[in-house]
Each structure stands twice: as C-alpha cells, then as structure tokens.
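The block underneath contains the structure these notes are about, expressed in structure tokens.
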Amino acid sequence: MSKLSVGIIVDNTSQSNTVWDLYNRSLKSDKYVIKTLIVQSKKKEKRIKSHYNFIKKKGILRYIGRLTFKVIIQCEKMLFLKRIKKTKYFDSYFLNEFDIKKLHVNPIISKSGLVYRYSEEDLEKIKRENLDILVRAGGGILRGEILTITKYGILSFHHADNDINRGAPSGFWQVYHRLDKTGFIIQILKDELDGGEVLFKGFIRTAPIFLQNKANLYSKANYFMHKILNEISTSESIPPSLKKIPYAYTLFTQPKIREQLMYIFKTINYLSKGFFTNTILNHKMRWGVAYIFSNNWRSSVLWKSKIIKNPPKRYLAYPFVINHNNLNICYVEDYNFITKTSKISAIELKKDGYKFLGTALQESFNLSYPFLFKSLDEIYMCPASHQINDIRIYKCDDFPLKWSLHKILIKDIDTMNTSIFELDGKWWMLTNVDSTNSGDYNSELHIFYSDSFESDKWIPHPKNPIIFDSTRSKNSGLIIDNEGIFRIFQVQSFYNESRSMGIAQILKINNEEYVEKVYAEIPPKFLPKIKGTHTFSYDNSGLVSLDFVKSENIRK
C-alpha cells in the first residue's frame with residue numbers, strides 16, 4: 001500500500017511550530033508523506049498603509065487594543081512560558097528548513113481580507129502534485145474548487161470547541177471566562193463558513209494563563225492530526241463525522257481594551273492569591289483519607305466517615321480497600337513533602353479505629369494509585385509509576401506488607417492511574433495516557449485488552465482515546481458488584497484539579513465499542529473545609545474509603 005500523499009497550505013511568512021512538528025512526525029510515519037508545501041503568496045502592503053487601513057476599518061480603539069494585546073503576549077512569553085518550558089510552541093521556522101517541494105500560489109482575496117479563492121492556473125498546479133489530501137495551516141477562509149481538489153478534501157484545526165467557541169484568539173476566551181476545559185476540533189472543510197464535518201474533538205483542563213493554555217492546546221491537538229492522517233491512510237476513507245448541534249454563541253474576536261484589562265486583573269488576582277497562600281502562609285493542598293463501614297456503597301453516609309490523621313509533613317491519598325484473612329486493609333499513596341517522594345503504605349481499619357502497619361511498596365521512583373485486583377485467590381496491585389513509563393503489577397507474597405514485582409505489562413508508555421478487571425473471559429485495562437508527553441494525564445482515557453492479565457500483548461482499543469475530556473477522563477477507582485461495573489473519575493475545574501468525583505456505569509465494553517453513563521457526582525461537602533475529592537473505593541465485605549483535600553500548613 002502506497003503512502004497517503006499530503007500537502008500543507010501555509011502562508012509565505014515563517015511557519016509555526018504546529019507545521020514544523022507535523023512535518024517531523026511525517027518523517028517517522030510509514031502511512032503518509034508530506035509531499036508539498038502550498039505557499040499562499042499575499043500582496044504586501046506598506047506597513048504604514050496597512051496600519052492606516054486597519055484604523056479606517058476598525059477604529060482607533062481597536063487599533064490600540066491590537067497593540068496592547070501584543071504587549072500582553074510578549075509579557076506572558078517572558079514571565080511564564082520560559083518557567084514552564086513551553087516556549088517551543090511559539091517558535092518560528094522558515095520555508096527553507098523544510099526539505100520538501102514548495103509550490104507558490106496567489107489566492108484571490110476578498111475585500112474583507114478573509115475569503116481566499118484559487119485561480120484556475122493555481123488549481124492546475126495543485127492538481128499536478130497528485131495529492132490525496134490537504135491540511136490547512138495558513139490564513140484565509142478557503143472557498144471554491146480548492147475544497148474538493150483532492151480525494152479526501154482539506155483537513156483543518158480549530159483550536160477551540162466549535163459548539164461554544166468559534167473565532168479567535170485560540171485559548172484566550174476559555175481562560176477569560178474561567179471555563180473548566182478548553183477544546184479543539186479537527187474537521188474536513190466545507191463551503192459554508194461553519195459547515196465543516198468534525199472528525200475529532202478533545203478537551204484539556206484550562207490553564208490559568210492565556211499562552212500556557214494555548215501551548216497546552218497546541219501540544220495536544222497536533223498529535224491527533226498526525227493520528228487522523230495515519231487512520232485515513234490505513235482505512236482509505238475519512239472517519240465518520242461527529243454530530244452537530246445549533247451554535248448558540250456570538251463569534252469571538254480579539255479582546256477589546258476593557259476585556260484585556262479585566263483579563264489582567266483576573267490573572268493578577270489569581271496569581272497573588274496563590275503566592276500569598278503558598279509562600280506567605282506556607283499552605284498547600286493536602287490530601288487526607290477517611291473510611292466508613294457500609295453494607296452498600298450507594299447508601300453510605302459520608303459525613304460519618306472516620307478521618308485517618310496524616311503523619312507530619314506527609315499526606316495520604318488514593319485509598320484502595322480490601323478484606324483478606326479477616327483483615328480490613330487500606331492501601332494509600334503516602335507522600336512526603338520534604339523529600340517529594342511517594343510510596344504505598346498499608347493501614348488496618350477497624351470500626352473503633354485504625355493502625356498504620358507500615359510500608360507495603362517502595363521503589364526508587366514515585367508510586368501512587370495502588371489499584372487492587374484478584375485472580376485465582378491471589379492479590380495483585382497495579383500502582384501508578386509514570387516516572388519510568390511502564391504499567392506494572394505486583395503480587396502479594398505475604399498479606400498485607402510483602403509484595404514483589406510480578407510483571408511489566410506494557411513498556412514505554414506515558415500513563416497514570418490504571419484499573420484492571422476481568423469480564424466474560426477477557427481482561428480490560430483502563431488507563432490515562434499522555435499521548436504527547438506533555439505532562440497531561442487528565443484528558444485521555446485509553447483502553448487495552450488481552451486474554452490474560454499476565455499477557456505480553458495488550459491490544460489498544462481502536463477508538464482510543466475512548467474519552468478525551470478533562471472533566472471525566474481521569475481514573476480514580478473501580479467498583480464491581482452484582483449491579484455492574486462502575487468507574488470512578490475525577491471532575492476537574494479551572495480552579496481545582498479535583499473539584500469532585502464522578503461515578504460512571506460501564507454499559508458496554510468490547511473490541512469495538514465502549515459506552516458508559518454518568519451515574520452520580522459526589523461533591524466535597526461531606527467534611528468541613530474540604531476543597532475537593534477524587535477517590536472512592538469499596539470492598540464487598542462492607543468497607544468504603546475515600547479521600548479529600550484541604551488547604552493546610554504543611555509544617556504540621
């Protein structure tokens with residue numbers, strides 16, 4: 001099978017990291033090749049005339065707003081992007097750095113400067129390239145025959161959720177409005193302005209700074225353009241489009257001066273509160289664990305839970321409970337604020353109190369999320385170990401404190417919070433993968449399956465990521481009882497990575513489909529002064545454990 005032949009439409013200025021990254025990904029692909037850069041030449045205006053025309057058309061206040069917004073961007077680049085190592089997403093690359101053919105065209109641009117149409121001469125040039133598909137990475141709203149000149153049409157990004165945010169700038173308005181998540185889509189362009197067929201949609205948690213949010217969005221989105229090109233090459237067809245809904249919002253544009261001032265105020269207020277809390281008061285978000293005995297997890301009264309007191313300068317989180325040999329044991333992530341390391345500790349739970357038993361599992365890398373499962377009366381643990389990029393399971397040799405490495409299930413995978421279970425003779429793995437190695441484990445839920453949990457061949461689900469939404473993707477537990485399988489997930493918000501926990505019932509899971517339905521959401525209301533919660537664990541013997549987070553002085 002020959003490779004998919006791809007052309008990228010770019011402008012005649014320097015190219016963005018998005019184009020450069022996709023080009024470099026194509027060099028490693030055996031499915032597609034970027035054959036041509038179609039460079040849209042645009043008649044240059046003298047700088048003074050260009051500024052004059054903008055003022056004449058938009059007004060002096062919009063012109064000043066254009067300049068002040070550029071100042072905001074430059075300040076954020078200097079103050080924030082270097083610190084979080086995100087500057088590369090705004091780097092520029094020149095055409096001569098791309099070792100592929102450059103085809104120069106001269107689109108006919110409308111008086112508004114927005115709509116681009118191609119002449120017959122330029123269309124013939126493109127036809128002679130024998131391209132299978134185009135990717136729009138340049139300016140202009142494309143109209144006319146260019147939309148259908150290739151076999152599969154034109155793929156295009158929109159770095160926002162097109163159901164609620166159409167327009168620009170990418171990543172800004174989600175931060176301005178403090179939205180919990182920021183979306184992006186990949187679409188096949190159609191002749192209508194908003195009539196594209198959406199092939200893929202994803203959501204990440206909104207970052208507090210505009211350019212940080214934009215960089216996070218770009219780093220995630222580009223990988224999935226690469227993935228879709230691979231899929232089109234393999235299937236020799238365009239993936240089915242997602243459903244459309246009426247658009248109920250106005251078109252977003254560059255923020256006006258008053259909106260920029262409000263954004264600056266909100267940002268300073270957010271950062272100053274964080275500085276005062278973290279630096280002056282030395283307060284951190286500190287997790288804790290509680291438990292309650294209940295015959296049915298659905299009827300648990302959580303405010304009656306007993307709190308397990310955190311050891312000094314440590315916190316406990318991600319509790320998983322199990323009853324074995326007449327012992328009720330809770331395994332937790334045990335994090336040390338001083339050494340910044342985490343291990344798995346075991347706590348014995350009783351109705352009249354609890355007892356720390358000691359360390360159950362410790363490695364040279366951090367461990368968390370001690371997910372437990374049984375097979376043939378043996379107990380296994382699959383803790384999160386993302387620092388070494390693998391998914392591994394440990395076997396309990398002597399309950400409850402002696403464990404040994406049993407098997408590395410998948411190597412070279414950047415993932416966290418893996419849950420494993422057996423259903424109808426097949427083993428399923430739900431895990432949070434970071435496809436782009438960007439440090440974001442909140443957005444993507446992936447599924448793998450195998451005939452045995454000890455298999456060396458775990459097969460990725462064809463629809464991975466099965467969920468791409470930071471408000472419901474991240475695993476925080478699994479409950480299996482006689483009424484079904486329930487996945488616990490973290491509900492993340494703009495201000496809180498663990499605002500609350502959600503419970504979803506898995507209705508269907510097989511080699512081709514995955515369907516779940518949100519069953520409930522548990523807010524952080526069951527204990528005083530808590531800011532969030534994300535883990536819920538239940539053992540059928542009648543034991544519930546959950547965690548919560550508070551803002552506390554970590555010296556205690």
Side-chain angles (χ1 to χ4, degrees), residues 180-181 201-203 242-243 291-292 294-302 305 318-322 369 371-375 382 415-433 441-450 453 460-493 498-526 532-547:
D180 293 339
K181 57 187 179 180
K201 180 180 291 191
F203 297 92
L242 306 179
K243 69 175 184 179
Y291 69 97
I292 184 173
S294 175
N295 291 329
N296 190 323
W297 61 270
R298 295 170 183 80
S299 57
S300 302
V301 182
L302 301 183
S305 302
Y318 284 126
F320 284 88
V321 293
I322 188 170
Y369 195 78
F371 181 82
L372 302 167
F373 67 96
K374 288 184 176 181
S375 178
C382 183
T415 184
M416 284 187 72
N417 293 19
T418 302
S419 301
I420 299 173
F421 65 97
E422 187 269 340
L423 179 66
D424 298 331
K426 184 167 291 188
W427 285 85
W428 298 92
M429 178 190 295
L430 308 178
T431 190
N432 296 116
V433 175
Y441 303 97
N442 304 321
S443 305
E444 301 175 47
L445 178 65
H446 289 235
I447 293 178
F448 297 83
Y449 59 90
S450 177
F453 76 89
H461 199 282
K463 292 188 177 180
N464 282 341
I466 207 74
I467 299 176
F468 195 155
D469 186 338
S470 59
T471 63
R472 55 177 290 222
S473 290
K474 194 169 185 180
N475 287 328
S476 269
L478 194 75
I479 298 174
I480 301 176
D481 63 13
N482 55 11
E483 293 188 32
I485 303 172
F486 299 83
R487 185 179 70 90
I488 316 301
F489 61 89
Q490 299 178 24
V491 181
Q492 303 193 341
S493 69
S498 303
R499 182 188 71 194
S500 58
M501 72 174 81
I503 302 175
Q505 184 172 10
I506 298 175
L507 303 178
K508 182 183 292 186
I509 182 168
N510 57 45
N511 298 6
E512 298 177 350
E513 297 176 284
Y514 178 81
V515 179
E516 69 174 31
K517 181 180 181 181
V518 176
Y519 178 83
E521 183 174 334
I522 301 176
K525 304 292 185 182
F526 49 88
T533 179
H534 63 26
T535 307
F536 192 96
S537 177
Y538 178 70
D539 183 85
N540 290 323
S541 63
L543 176 60
V544 170
S545 186
L546 67 162
D547 59 10

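- Taking 4.5 Å as the limit, some side-chain heavy atom of Ile479 sits within range of a side-chain heavy atom of Trp297.
- Pairing each heavy atom of Ser500 with each of Ile522, the nearest pair is CB-O, 3.2 Å.
- Here the straight-line distance linking atom OH of Tyr514 with atom CG of Asn464 works out to 11.5 Å at 0.5 Å rounding.
- Tyr291 contributes atom OH, which lies 15.0 Å from atom CG of Asp539 (distance to the nearest 0.5 angstrom).
- No donor-acceptor pair under 3.5 Å is formed between the side chain of Asp481 and the backbone N or O of Asn540.
- In this structure, Tyr538 has its ring center no closer than 6.0 Å to that of Phe486.
- Contact record, Val491 with Met501: CG2-C, 4.0 Å, taken as the closest heavy-atom pair.
- At least one donor-acceptor pair under 3.5 Å links the side chain of Arg487 to the backbone N or O of Ser473.
- Contact between Leu478 and Leu430 at its shortest, heavy atoms only, is CD1-CD1, 4.5 Å.
- A distance of 9.0 Å separates OG in Ser300 from CG in Leu546, rounded to the nearest 0.5 Å.
- Considering every non-hydrogen atom in both Tyr519 and Gln505, the closest pair reads CB-N, 4.2 Å.
- The side-chain heavy atoms of Val544 and Phe536, taken from C-beta on, include a pair separated by under 4.5 Å.
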Inset, instruction - Take Thr415 and His446, measure what side-chain contact (heavy atoms from CB on, under 4.5 Å) needs, and give me the verdict at the end. - result: CA-CA 9 Å; Thr415 184; His446 289 235; over 6 Å; no

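- By the side chain to side chain donor-acceptor pair (under 3.5 Å) test, Tyr449 is found to be paired with no residue, residues two or more places apart in sequence or in another chain being considered.
- In plain terms, the two heavy atoms of Tyr318 and Thr535 that are nearest each other are CD2-OG1, 3.2 Å.
- A salt bridge does not link Glu521 with Arg472: none of the charged nitrogens is closer than 4.0 Å to a carboxylate oxygen.
- If you take CD1 on Ile467 and NZ on Lys474, they are separated by 15.0 Å, rounding to the nearest 0.5 Å.
- Test Asn442, Thr471, Asp180 against Gln492 for side-chain hydrogen bond (donor to acceptor under 3.5 Å, both in side chains) and you get one pass: Asn442.
- In this structure, Phe489 and Ser476 have side chains that are not in contact, with every pair of non-hydrogen atoms separated by 4.5 Å or more.
- Within the 3.5 Å criterion, the main-chain N or O of Asn417 finds a donor-acceptor partner in the side chain of Asn475.
- Taking 4.5 Å as the limit, some side-chain heavy atom of Ser375 sits within range of a side-chain heavy atom of Phe453.
- Of the possible donor and acceptor atoms, one in the side chain of Ser537 sits under 3.5 Å from a partner among the backbone N and O of Val321.
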Donor-acceptor pairs are to be reported for all side-chain atoms of residues 419-429 against protein atoms at under 3.5 Å, with residues two or more places apart or in another chain.
{"residue": "Ser419", "atom": "OG", "partner": "Tyr369", "partner atom": "OH", "Å": "2.7"}
{"residue": "Glu422", "atom": "OE2", "partner": "Gly425", "partner atom": "N", "Å": "2.6"}
{"residue": "Lys426", "atom": "NZ", "partner": "Asn511", "partner atom": "OD1", "Å": "3.0"}

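- Judged as a side chain to side chain donor-acceptor pair (under 3.5 Å), and not counting sequence neighbours, the contacts of Ser443 are Asp440.
- For the atom pair OG1 of Thr533 and CG of Leu302, the computed distance is 8.0 Å after rounding to the nearest 0.5 Å.
- Across all their heavy atoms, Ile488 and His534 have their closest contact at CG2-O, 3.9 Å.
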Inset, instruction - Show your reasoning for whether side-chain contact (heavy atoms from CB on, under 4.5 Å) applies to Asn432 and Gln490. - result: CA-CA 12 Å; Asn432 296 116; Gln490 299 178 24; over 6 Å; no

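- Separating the NZ atom in Lys517 from the NZ atom in Lys508 is a distance of 14.0 Å, to the nearest 0.5 Å.
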